[in-house]
Amino acid sequence: MNIFQLKSRSRFMGAILGMAALMTILGFGGVYAGDLLVYTALEDDEIAVYLPAFKKAHPEINVTLYRDSTGIVTAKLLAEKDNIQADVVWGTAATSLLVCNELGMLQGYNPKGLEMVRKGMKDGKNDPARWVGIKAYVTGVVGNTIEMEKKKLVMPKSYADLLKPMYKGQVVMPNPASSGTGFLTVSAILQLMGEEKGWDYLDQLHENIAMYTHSGSKPAKMAGKGEFPIGISFAYRGFKQRANGEPVEIAFPAEGSGYEVEANALMKKPRIKKDAKVFLDWAISPEAMALYAKVYPIVATDIKVDAPEGWPSDPMSVLVENDLEWAANNRKRILKEWTKRYDSKSAPK
(Lines give C-alpha, C1' and ligand atoms only; values in the text may rest on other atoms or scores of the structure.)
Protein backbone atom coordinates (compact mmCIF):
# COMPACT_ATOMS: atom_id res chain seq x y z
CA MET A 1 0.00 0.00 0.00
CA ASN A 2 1.27 3.46 -0.84
CA ILE A 3 2.00 5.06 2.54
CA PHE A 4 0.25 8.21 1.45
CA GLN A 5 -2.90 6.50 0.13
CA LEU A 6 -5.97 8.36 1.38
CA LYS A 7 -9.58 7.41 0.67
CA SER A 8 -12.74 9.36 1.35
CA ARG A 9 -14.95 7.67 3.92
CA SER A 10 -18.60 8.15 4.86
CA ARG A 11 -18.17 7.37 8.58
CA PHE A 12 -15.65 9.79 10.01
CA MET A 13 -14.82 12.08 12.92
CA GLY A 14 -18.00 11.71 14.99
CA ALA A 15 -16.21 13.07 18.04
CA ILE A 16 -15.23 16.19 16.13
CA LEU A 17 -18.81 16.64 14.95
CA GLY A 18 -19.86 16.66 18.60
CA MET A 19 -17.28 19.29 19.38
CA ALA A 20 -18.46 21.34 16.40
CA ALA A 21 -21.78 22.02 18.07
CA LEU A 22 -19.92 23.99 20.72
CA MET A 23 -18.06 26.20 18.29
CA THR A 24 -18.94 29.77 17.36
CA ILE A 25 -17.76 31.61 14.30
CA LEU A 26 -14.80 33.34 15.90
CA GLY A 27 -14.72 31.66 19.27
CA PHE A 28 -11.22 30.16 19.17
CA GLY A 29 -7.71 30.77 17.92
CA GLY A 30 -6.04 33.83 16.45
CA VAL A 31 -7.31 36.04 13.64
CA TYR A 32 -5.25 38.57 11.71
CA ALA A 33 -6.72 41.41 9.63
CA GLY A 34 -7.33 41.04 5.90
CA ASP A 35 -9.80 40.23 3.10
CA LEU A 36 -9.14 36.62 2.05
CA LEU A 37 -10.13 34.38 4.97
CA VAL A 38 -7.76 31.42 5.35
CA TYR A 39 -8.11 28.71 8.03
CA THR A 40 -4.94 26.86 8.97
CA ALA A 41 -3.43 24.47 11.51
CA LEU A 42 0.13 25.35 10.52
CA GLU A 43 2.38 26.38 13.39
CA ASP A 44 2.73 30.10 14.17
CA ASP A 45 6.45 30.11 13.42
CA GLU A 46 5.81 28.40 10.08
CA ILE A 47 3.24 31.04 9.18
CA ALA A 48 5.76 33.73 10.06
CA VAL A 49 7.93 32.41 7.21
CA TYR A 50 5.37 31.33 4.64
CA LEU A 51 2.88 34.18 4.76
CA PRO A 52 5.40 36.99 4.14
CA ALA A 53 6.59 35.06 1.08
CA PHE A 54 3.02 34.98 -0.25
CA LYS A 55 2.53 38.67 0.47
CA LYS A 56 5.76 39.49 -1.33
CA ALA A 57 4.59 37.53 -4.36
CA HIS A 58 1.06 38.98 -4.20
CA PRO A 59 1.05 42.33 -2.39
CA GLU A 60 -2.36 43.11 -3.87
CA ILE A 61 -4.03 40.36 -1.79
CA ASN A 62 -4.87 40.93 1.87
CA VAL A 63 -5.15 37.84 4.05
CA THR A 64 -7.17 37.17 7.18
CA LEU A 65 -5.69 34.15 8.94
CA TYR A 66 -7.47 32.00 11.50
CA ARG A 67 -5.05 29.58 13.16
CA ASP A 68 -5.59 26.83 15.75
CA SER A 69 -4.87 23.14 16.34
CA THR A 70 -6.19 20.59 13.87
CA GLY A 71 -9.10 19.45 16.03
CA ILE A 72 -10.28 22.98 16.71
CA VAL A 73 -9.97 24.10 13.09
CA THR A 74 -11.89 21.02 11.99
CA ALA A 75 -14.63 21.59 14.54
CA LYS A 76 -14.92 25.23 13.48
CA LEU A 77 -15.24 24.28 9.82
CA LEU A 78 -17.97 21.76 10.62
CA ALA A 79 -19.81 24.19 12.87
CA GLU A 80 -19.97 26.60 9.93
CA LYS A 81 -20.98 24.06 7.29
CA ASP A 82 -24.35 25.75 6.70
CA ASN A 83 -22.78 29.20 6.59
CA ILE A 84 -19.21 28.70 5.37
CA GLN A 85 -16.91 31.51 6.41
CA ALA A 86 -13.44 30.45 5.22
CA ASP A 87 -12.40 31.00 1.63
CA VAL A 88 -9.46 28.61 1.81
CA VAL A 89 -8.12 25.91 4.11
CA TRP A 90 -4.32 25.75 4.16
CA GLY A 91 -2.22 23.12 5.90
CA THR A 92 -4.90 21.15 7.77
CA ALA A 93 -5.17 17.35 8.06
CA ALA A 94 -6.27 15.70 4.83
CA THR A 95 -8.48 13.40 6.89
CA SER A 96 -10.33 16.49 8.16
CA LEU A 97 -10.84 17.72 4.62
CA LEU A 98 -12.26 14.34 3.62
CA VAL A 99 -15.13 14.73 6.04
CA CYS A 100 -15.71 18.30 4.84
CA ASN A 101 -15.89 16.96 1.31
CA GLU A 102 -18.40 14.28 2.28
CA LEU A 103 -20.59 17.07 3.67
CA GLY A 104 -20.39 18.96 0.37
CA MET A 105 -18.27 21.79 1.77
CA LEU A 106 -15.38 21.74 -0.72
CA GLN A 107 -15.23 23.25 -4.19
CA GLY A 108 -13.18 21.36 -6.77
CA TYR A 109 -10.13 23.22 -8.06
CA ASN A 110 -6.91 22.09 -9.74
CA PRO A 111 -4.22 24.55 -8.66
CA LYS A 112 -1.38 25.26 -11.05
CA GLY A 113 1.29 22.60 -10.71
CA LEU A 114 -1.09 19.92 -9.44
CA GLU A 115 0.52 17.38 -11.76
CA MET A 116 3.74 17.72 -9.73
CA VAL A 117 2.07 16.59 -6.48
CA ARG A 118 2.72 12.97 -5.49
CA LYS A 119 -0.02 10.41 -6.08
CA GLY A 120 -1.72 9.80 -2.76
CA MET A 121 -0.98 13.29 -1.48
CA LYS A 122 -3.84 14.75 -3.48
CA ASP A 123 -7.44 13.89 -4.24
CA GLY A 124 -7.31 10.97 -6.65
CA LYS A 125 -11.08 10.47 -6.91
CA ASN A 126 -12.36 13.83 -8.15
CA ASP A 127 -11.45 16.08 -11.06
CA PRO A 128 -11.09 18.89 -10.29
CA ALA A 129 -9.44 17.93 -7.01
CA ARG A 130 -11.18 18.71 -3.72
CA TRP A 131 -7.96 18.68 -1.65
CA VAL A 132 -4.22 18.90 -2.33
CA GLY A 133 -1.45 17.94 0.12
CA ILE A 134 1.63 19.97 0.87
CA LYS A 135 3.64 17.90 3.39
CA ALA A 136 3.49 15.21 6.07
CA TYR A 137 4.11 15.51 9.80
CA VAL A 138 5.13 12.65 12.05
CA THR A 139 5.29 11.61 15.68
CA GLY A 140 8.49 12.38 17.57
CA VAL A 141 9.70 12.19 21.15
CA VAL A 142 11.29 15.37 22.50
CA GLY A 143 13.46 15.22 25.59
CA ASN A 144 15.02 18.06 27.60
CA THR A 145 18.65 17.01 28.06
CA ILE A 146 19.20 19.15 31.16
CA GLU A 147 16.08 17.97 32.96
CA MET A 148 16.70 14.34 32.01
CA GLU A 149 20.21 14.55 33.44
CA LYS A 150 18.89 16.12 36.65
CA LYS A 151 16.35 13.33 37.04
CA LYS A 152 18.80 10.61 35.92
CA LEU A 153 16.66 9.73 32.91
CA VAL A 154 17.85 8.47 29.57
CA MET A 155 16.28 9.52 26.28
CA PRO A 156 13.48 7.10 25.29
CA LYS A 157 14.03 5.79 21.79
CA SER A 158 10.95 3.61 21.37
CA TYR A 159 7.36 3.15 22.46
CA ALA A 160 8.58 0.30 24.65
CA ASP A 161 11.07 2.59 26.41
CA LEU A 162 8.27 4.96 27.42
CA LEU A 163 6.77 2.29 29.68
CA LYS A 164 9.84 2.09 31.93
CA PRO A 165 9.15 2.98 35.60
CA MET A 166 11.72 5.80 35.49
CA TYR A 167 9.32 7.87 33.35
CA LYS A 168 6.36 7.79 35.77
CA GLY A 169 4.87 11.30 35.82
CA GLN A 170 7.57 12.62 33.48
CA VAL A 171 5.83 12.43 30.09
CA VAL A 172 3.28 14.71 28.39
CA MET A 173 1.31 13.78 25.28
CA PRO A 174 -1.46 15.31 23.12
CA ASN A 175 -5.10 14.38 23.65
CA PRO A 176 -6.18 12.65 20.40
CA ALA A 177 -9.69 14.11 20.58
CA SER A 178 -8.37 17.66 20.19
CA SER A 179 -4.99 17.13 18.54
CA GLY A 180 -4.25 15.60 15.16
CA THR A 181 -0.81 14.63 16.41
CA GLY A 182 -2.39 12.86 19.36
CA PHE A 183 -4.73 10.89 17.13
CA LEU A 184 -2.13 9.86 14.58
CA THR A 185 0.08 8.63 17.46
CA VAL A 186 -2.68 6.58 19.11
CA SER A 187 -3.76 5.21 15.73
CA ALA A 188 -0.20 4.17 14.92
CA ILE A 189 0.13 2.32 18.25
CA LEU A 190 -3.15 0.45 17.76
CA GLN A 191 -2.19 -0.54 14.23
CA LEU A 192 1.34 -1.58 15.15
CA MET A 193 0.36 -3.73 18.09
CA GLY A 194 -3.17 -4.77 17.25
CA GLU A 195 -6.07 -3.36 19.23
CA GLU A 196 -5.96 -5.66 22.26
CA LYS A 197 -2.23 -5.23 22.83
CA GLY A 198 -2.42 -1.59 21.75
CA TRP A 199 -4.99 -0.67 24.41
CA ASP A 200 -2.99 -2.62 26.97
CA TYR A 201 0.07 -0.60 25.95
CA LEU A 202 -1.83 2.68 26.27
CA ASP A 203 -3.07 1.62 29.72
CA GLN A 204 0.54 1.15 30.81
CA LEU A 205 1.66 4.37 29.15
CA HIS A 206 -1.11 6.24 30.97
CA GLU A 207 0.61 5.40 34.26
CA ASN A 208 3.65 7.41 33.14
CA ILE A 209 1.70 10.34 31.65
CA ALA A 210 1.58 13.55 33.68
CA MET A 211 -0.83 15.38 31.36
CA TYR A 212 -2.59 15.16 28.00
CA THR A 213 -2.48 18.52 26.21
CA HIS A 214 -4.93 19.92 23.66
CA SER A 215 -2.20 20.88 21.19
CA GLY A 216 0.17 18.65 19.27
CA SER A 217 3.09 21.04 19.73
CA LYS A 218 2.47 21.75 23.43
CA PRO A 219 4.29 18.65 24.78
CA ALA A 220 7.45 19.59 22.87
CA LYS A 221 7.19 23.19 24.08
CA MET A 222 6.72 22.06 27.67
CA ALA A 223 9.73 19.77 27.39
CA GLY A 224 11.81 22.56 25.88
CA LYS A 225 10.97 24.85 28.79
CA GLY A 226 11.76 22.14 31.32
CA GLU A 227 8.18 21.92 32.63
CA PHE A 228 8.37 18.18 31.98
CA PRO A 229 11.42 16.32 30.76
CA ILE A 230 9.76 14.40 27.91
CA GLY A 231 7.04 15.25 25.39
CA ILE A 232 5.42 13.03 22.78
CA SER A 233 4.78 15.58 20.05
CA PHE A 234 5.57 15.94 16.38
CA ALA A 235 9.12 15.92 15.14
CA TYR A 236 9.08 19.31 13.42
CA ARG A 237 8.50 21.14 16.70
CA GLY A 238 11.44 19.49 18.42
CA PHE A 239 13.83 20.22 15.57
CA LYS A 240 12.66 23.83 15.48
CA GLN A 241 13.22 24.22 19.20
CA ARG A 242 16.67 22.71 18.98
CA ALA A 243 17.56 25.09 16.14
CA ASN A 244 16.48 27.96 18.41
CA GLY A 245 18.93 26.84 21.08
CA GLU A 246 16.68 24.87 23.41
CA PRO A 247 18.38 21.89 25.13
CA VAL A 248 16.34 19.16 23.48
CA GLU A 249 16.97 15.83 21.81
CA ILE A 250 14.55 14.31 19.30
CA ALA A 251 13.89 10.64 18.65
CA PHE A 252 11.63 8.76 16.27
CA PRO A 253 10.05 5.69 17.93
CA ALA A 254 12.01 2.69 16.74
CA GLU A 255 8.79 0.80 15.99
CA GLY A 256 7.69 3.51 13.54
CA SER A 257 6.18 7.00 13.62
CA GLY A 258 2.57 7.78 12.83
CA TYR A 259 1.95 10.48 10.24
CA GLU A 260 -0.69 12.76 8.71
CA VAL A 261 -0.81 14.69 5.43
CA GLU A 262 -1.36 18.44 5.67
CA ALA A 263 -3.49 19.68 2.81
CA ASN A 264 -5.27 22.65 1.22
CA ALA A 265 -8.80 23.11 -0.13
CA LEU A 266 -11.12 25.67 -1.67
CA MET A 267 -14.33 26.12 0.33
CA LYS A 268 -17.67 26.02 -1.48
CA LYS A 269 -19.33 29.42 -1.17
CA PRO A 270 -21.90 31.30 -3.29
CA ARG A 271 -19.10 33.56 -4.51
CA ILE A 272 -15.64 32.05 -5.02
CA LYS A 273 -13.01 34.75 -4.78
CA LYS A 274 -10.40 34.84 -7.54
CA ASP A 275 -7.78 35.56 -4.88
CA ALA A 276 -8.58 32.22 -3.22
CA LYS A 277 -7.42 30.37 -6.33
CA VAL A 278 -4.32 32.56 -6.56
CA PHE A 279 -3.49 31.62 -2.98
CA LEU A 280 -3.95 27.90 -3.66
CA ASP A 281 -1.75 28.15 -6.76
CA TRP A 282 1.00 29.74 -4.69
CA ALA A 283 0.59 27.24 -1.83
CA ILE A 284 1.88 24.35 -3.98
CA SER A 285 4.34 26.41 -6.04
CA PRO A 286 8.05 25.50 -6.12
CA GLU A 287 8.69 28.56 -3.93
CA ALA A 288 6.25 27.38 -1.27
CA MET A 289 7.46 23.77 -1.42
CA ALA A 290 11.04 24.94 -0.94
CA LEU A 291 9.95 26.76 2.23
CA TYR A 292 8.08 23.72 3.55
CA ALA A 293 11.08 21.52 2.81
CA LYS A 294 13.40 23.56 5.01
CA VAL A 295 11.88 21.88 8.06
CA TYR A 296 9.65 19.12 6.66
CA PRO A 297 11.65 16.65 4.59
CA ILE A 298 8.50 14.83 3.45
CA VAL A 299 6.80 17.25 1.06
CA ALA A 300 4.21 16.73 -1.65
CA THR A 301 6.43 17.17 -4.70
CA ASP A 302 9.71 15.67 -5.83
CA ILE A 303 11.80 18.78 -5.24
CA LYS A 304 15.26 18.08 -3.83
CA VAL A 305 15.11 18.00 -0.05
CA ASP A 306 18.10 17.95 2.29
CA ALA A 307 16.85 16.26 5.44
CA PRO A 308 17.32 18.41 8.55
CA GLU A 309 19.99 17.31 11.00
CA GLY A 310 18.71 14.37 13.03
CA TRP A 311 16.55 12.88 10.27
CA PRO A 312 17.70 9.76 8.43
CA SER A 313 18.86 10.29 4.86
CA ASP A 314 15.61 8.63 3.77
CA PRO A 315 13.05 10.49 5.93
CA MET A 316 10.19 8.27 4.83
CA SER A 317 11.93 5.31 6.48
CA VAL A 318 10.73 6.45 9.93
CA LEU A 319 7.05 6.13 9.01
CA VAL A 320 4.83 3.35 10.28
CA GLU A 321 2.75 1.34 7.81
CA ASN A 322 -0.25 3.52 8.53
CA ASP A 323 -3.66 2.54 7.15
CA LEU A 324 -5.41 5.90 7.05
CA GLU A 325 -8.59 4.29 5.74
CA TRP A 326 -8.76 2.14 8.89
CA ALA A 327 -8.01 5.17 11.07
CA ALA A 328 -10.82 7.15 9.44
CA ASN A 329 -13.35 4.32 9.78
CA ASN A 330 -12.53 3.73 13.43
CA ARG A 331 -11.85 7.27 14.62
CA LYS A 332 -15.13 7.81 16.48
CA ARG A 333 -14.85 4.49 18.31
CA ILE A 334 -11.16 5.03 19.17
CA LEU A 335 -11.74 8.49 20.58
CA LYS A 336 -14.72 7.33 22.64
CA GLU A 337 -12.67 4.52 24.17
CA TRP A 338 -9.61 6.72 24.71
CA THR A 339 -11.68 9.41 26.44
CA LYS A 340 -13.35 6.85 28.73
CA ARG A 341 -9.99 5.42 29.79
CA TYR A 342 -7.65 8.40 29.98
CA ASP A 343 -9.39 11.78 29.89
CA SER A 344 -8.96 12.26 33.64
CA LYS A 345 -5.40 13.47 32.97
CA SER A 346 -6.32 15.91 30.20
CA ALA A 347 -5.41 19.57 30.67
CA PRO A 348 -8.36 21.91 31.31
CA LYS A 349 -9.82 23.33 28.13
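- The local environment of NZ in Lys277 is sparse, with at most 12 non-hydrogen atoms from other residues, nucleotides or ligands closer than 6.0 Å.
- Here the closest heavy-atom approach between residue Pro128 and residue Asn110 is recorded as CA-OD1, 3.3 Å.
- Scanning both residues, Ser69 and Ser178, for their nearest heavy atoms gives OG-O, 3.5 Å.
- The shortest side-chain heavy-atom distance between Val318 and Pro312 falls under the 4.5 Å cut-off.
- Residues Val172 and Met148 do not share a hydrophobic cluster, clusters being chains of Ile/Leu/Val/Met/Phe/Trp/Tyr side chains in contact below 4.5 Å.
- Panel note: side chain Gln85, backbone Asn83; a donor-acceptor pair is recorded below 3.5 Å.
- In this structure, the side chain of Lys81 does not engage the main chain of Leu103 through any donor-acceptor pair within 3.5 Å.
- Atom CZ of Arg237 sits about 8.0 Å away from atom CD of Glu46, to the nearest 0.5 Å.
- When atom types are taken as modelled, the side chain of Lys273 and the backbone of Asp35 share a donor-acceptor pair closer than 3.5 angstrom.
- Using a distance-only test at 3.5 Å, with no hydrogens or angles considered, a donor-acceptor pair links the side chain of Thr145 to the main chain of Pro247.
- A donor-acceptor distance shorter than 3.5 angstrom exists from the side chain of Tyr159 to the backbone of Gly256, with no hydrogens or angles considered.
- Between Ser96 and Thr70, the closest side-chain pair of non-hydrogen atoms falls below 4.5 Å.
- Atom-to-atom distance recorded for Thr92:OG1 and Asp68:CG is 10.0 Å, nearest 0.5 angstrom.
- Salt bridge status for Glu287 with Lys56: absent, with no side-chain N to carboxylate O gap under 4.0 Å.
- A salt bridge is defined here as a Lys NZ or Arg NE, NH1 or NH2 lying under 4.0 Å from an Asp or Glu carboxylate O, and Arg67 with Glu43 meets this definition.
- The environment of Glu196 atom CD is sparse: at most 12 non-hydrogen atoms of other residues, nucleotides or ligands sit within 6.0 angstrom.
- In this structure, the side chains of Val49 and Lys294 stay at 4.5 Å or more apart for every pair of heavy atoms.
- Between Trp131 and Asn126 there is no side-chain heavy-atom pair separated by less than 4.5 Å.
- The heavy-atom pair separating Gly91 from Ile134 by the smallest distance is CA-CD1, 4.0 Å.
- Under the 4.5 Å side-chain heavy-atom criterion for ILVMFWY residues, no single connected hydrophobic cluster contains both Met211 and Val248.
- Between Val141 and Met155, the closest side-chain pair of non-hydrogen atoms falls below 4.5 Å.
- Residues Glu80 and Tyr39 have side chains that bring a donor and an acceptor to within less than 3.5 angstrom of each other.
- Judged by distance alone, the side chain of Asp281 and the main-chain N or O of Pro111 form no donor-acceptor pair under 3.5 Å.
- No more than 12 heavy atoms of other residues, nucleotides or ligands sit less than 6.0 Å from atom NZ of Lys218.
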Counting only pairs under 3.5 Å, give me each side-chain donor-acceptor contact of residues 222-234, with atom names and distances, residues two or more places apart or in other chains.
unit_1	atom_1	unit_2	atom_2	d
Ser233	OG	Gly216	O	2.5

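- A heavy-atom distance below 4.5 Å is not found between the side chains of Arg271 and Lys269.
- Just one of Tyr292, Tyr296, Tyr137 meets the ring pair (Phe, Tyr, Trp, His ring centres under 6.0 Å) condition when paired with Tyr236; it is Tyr296.
- At a threshold of 4.5 Å between side-chain heavy atoms, the hydrophobic network of Ile, Leu, Val, Met, Phe, Trp and Tyr places Phe239 and Ile146 in two separate groups.
- The number of heavy-atom neighbours closer than 6.0 Å to NZ of Lys268, taken from other residues, nucleotides and ligands shown, is above 12.
- If you take OG1 on Thr95 and CZ on Phe183, they are separated by 7.5 Å, rounding to the nearest 0.5 Å.
- Checking each of Leu192, Val320, Asn322 against Ser187 for a side-chain contact (heavy atoms from CB on, under 4.5 Å) leaves exactly one that passes, namely Asn322.
- With respect to the salt-bridge test (charged N to carboxylate O, under 4.0 angstrom), the residues Lys164 and Asp161 qualify.
- Expressed to the nearest 0.5 Å, how far CG of Leu202 lies from CD1 of Ile334 amounts to 10.0 Å.
- Arg130 places no side-chain N or O within 3.5 Å of a backbone atom of Gly104 that could act as its donor or acceptor partner.
- Between the side chains of Asn264 and Tyr109, not a single donor N or O lies within less than 3.5 Å of an accepting N or O.
- For the 3.5 Å distance criterion, the side chains of Thr213 and Ser215 fail to qualify, holding no donor opposite an acceptor.
- In this structure, the side chains of Tyr342 and Asp203 come closer than 4.5 Å at one or more pairs of heavy atoms.
- Ring planes of His206 and Tyr212: parallel class, angle under 30° (limits at 30 and 60°).
- Inter-residue side-chain proximity for Glu147 and Lys150 is flagged as met; some heavy-atom pair is nearer than 4.5 Å.
- A distance-only check finds no donor-acceptor pair linking the side chain of His214 to the backbone of Asn175 [under 3.5 Å].
- Taking CG of Leu162 as the start and CD of Gln170 as the end, the distance is 12.0 Å to the nearest 0.5 Å.
- Heavy-atom neighbours of Lys345 NZ from other residues, nucleotides or ligands within 6.0 Å: above the threshold of 12.
- When the shell of 6.0 Å around CE of Met116 is examined, it contains 12 or fewer heavy atoms from other residues, nucleotides or ligands.
- Remark: side-chain polar atoms of Asp87 are paired, donor with acceptor, to backbone N or O of Leu37 under 3.5 angstrom.
- Counting heavy atoms of neighbouring residues, nucleotides and ligands inside a 6.0 Å radius, atom CD of Glu255 exceeds 12 of them.
- Note that CG of Leu78 is 5.5 Å distant from CE of Met105, once rounded to the nearest 0.5 Å.
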